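Scroll down for the structure; my scribbles are underneath it.
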Amino acid sequence: MNLNKNYFELKESYLFSTIAKKVNEFTLKNPDKKIIRLGIGDVTLPLCKAVIDAMHKAVDEMSVQTTFRGYGPEQGYEFLKHAVKNYYAEKSVALEDDEIFISDGAKSDLGNILDLFDKNNTVLVPDPVYPVYVDTNVMDGRKIVYINANEENNFLPLPDNSINADIIYICSPNNPTGAVYAKEGLKSWVDYALRNNAIILFDAAYEAFITAEELPRSIYQIDGAKNCAIEFCSFSKTAGFTGTRCGYTVVPKNLGKLNKMWLRRQTTKFNGVPYIVQRGAEAVFSKEGRKEIQENLSYYRENAKIIASTLNECGIKFFGGEFSPYIWLKCPNCMSSWEFFDYLLSNIQVVGTPGEGFGKNGEGFFRLTSFGSKENTQEAMRRLKNLISGS
Ligand code: PLP
């Protein structure tokens, strides 16, 4: 037996363990101080009523022989694929049923899709980045090249024709920077991919946070994208499914063999998302579901506004927040990411995520999220304002 030695190439991720360690040490020394966490990427509001009602109904169906369901189609039930198809139609994107694959979330599919690609492909990843894109390719031993996302390009890098890449990752709205591509930016990437015979893996996990009509919420809103892009989406951040687990991946038939290969991969290695969960996901698209989900999204957007207006008042430069739950701020006074982390923890007990943990270009930046409670967000920002204005 030989091990997959690529695993030894993975860099240990110390980001969240170091945050936890520092917070624990501080709490032990200062048990009376209330810590506010604005670092988490998980949602906090519960599932909405429409989703819960649909899941309760599905649970009841499972208790009756005539409506009981066993194994379902690996690629998802028709009812949910139709709901997703209609959702795309509203974005002026026409999909066929067998281009939509229901999954247990975007993270699994982003990793599993790599089964379809040769090890010799070169992968292009923006820096800073959602670490899953990097680690899943390291596990396979693929060559990774980075493209800089930084202040100069507003964290929205455009293709560099001197780089030959085969697999390109794009995440918009972005984790961790909150940056969102306009149509022109995505068009440059689509043109680049078509010229290079490359594939774009487009992560749309945060598309629901976009409210501006002119900003693309799917890469298929760009001409030519169906010939060069696979899109990953999720109910996690849209509808609070982080613990419930459901997402979907679109593999257009224009991509030739890839559609059939993905079907084969999924039917061989995956046995589908639970019926109860898929009924819950379907309800996300119902009239009541949409209304309730928008209320939750508005709640998070309001938190992002509270953070953004405080940072403006404090004269701290930031990116994101408008169409994303992430606010990516530039650490004041040239502090490093971890210096700023320690500064906030020790002075005002607010916890965020040091940007350095997402790649070298994240150094000097810091991620706050709008997924906390309104009260905590307000209190954290009140403390920050006092700290900055008093210093
Ligand atoms: N893609 C991005 C950019 C994310 O930030 C996350 C989760 O934080 C995911 C995908 C994973 O989503 P899911 O819960 O659907 O696996």
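What you see is a predicted model, and the numbers here were worked out from it, not measured in a lab. For the numbers below, each heavy atom of this structure counts, side chains included, while hydrogens, waters and symmetry mates do not. Order of listing sets the numbers, starting from 1, for every ligand and every atom in it.
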Open item on the list: Testing the 3.5 Å rule here: is there a donor-acceptor pair between the side chains of Asn112 and Arg265?
Closed with: yes
TODO: Count the heavy atoms of every other residue, nucleotide or ligand shown that sit under 6.0 Å from NZ of Lys253, and state whether that count exceeds 12.
DONE: yes
Open item on the list: Students often mix this up, so state it plainly: with edges at 30° and 60°, are the rings of Tyr169 and Tyr133 parallel, tilted or perpendicular?
Closed with: parallel
Task: Distance in Å, Ile230 CD1 paired with Phe202 CZ, rounded so as to fall on 0.5 Å steps - done: 13.5 Å
Task: Distance-only side-chain donor-acceptor flag, Asn361 / Asn150, under 3.5 Å - done: no
TODO: Would you kindly say whether Ser162 and Asp160 are connected by a side-chain donor-acceptor distance under 3.5 Å?
DONE: yes
Task: Proximal protein residues to ligand 1, non-hydrogen atoms under 4.0 angstrom - done: Gly105, Ala106, Lys107, Tyr130, Tyr133, Cys171, Asn175, Asp203, Ala205, Tyr206, Ser234, Ser236, Lys237, Arg245
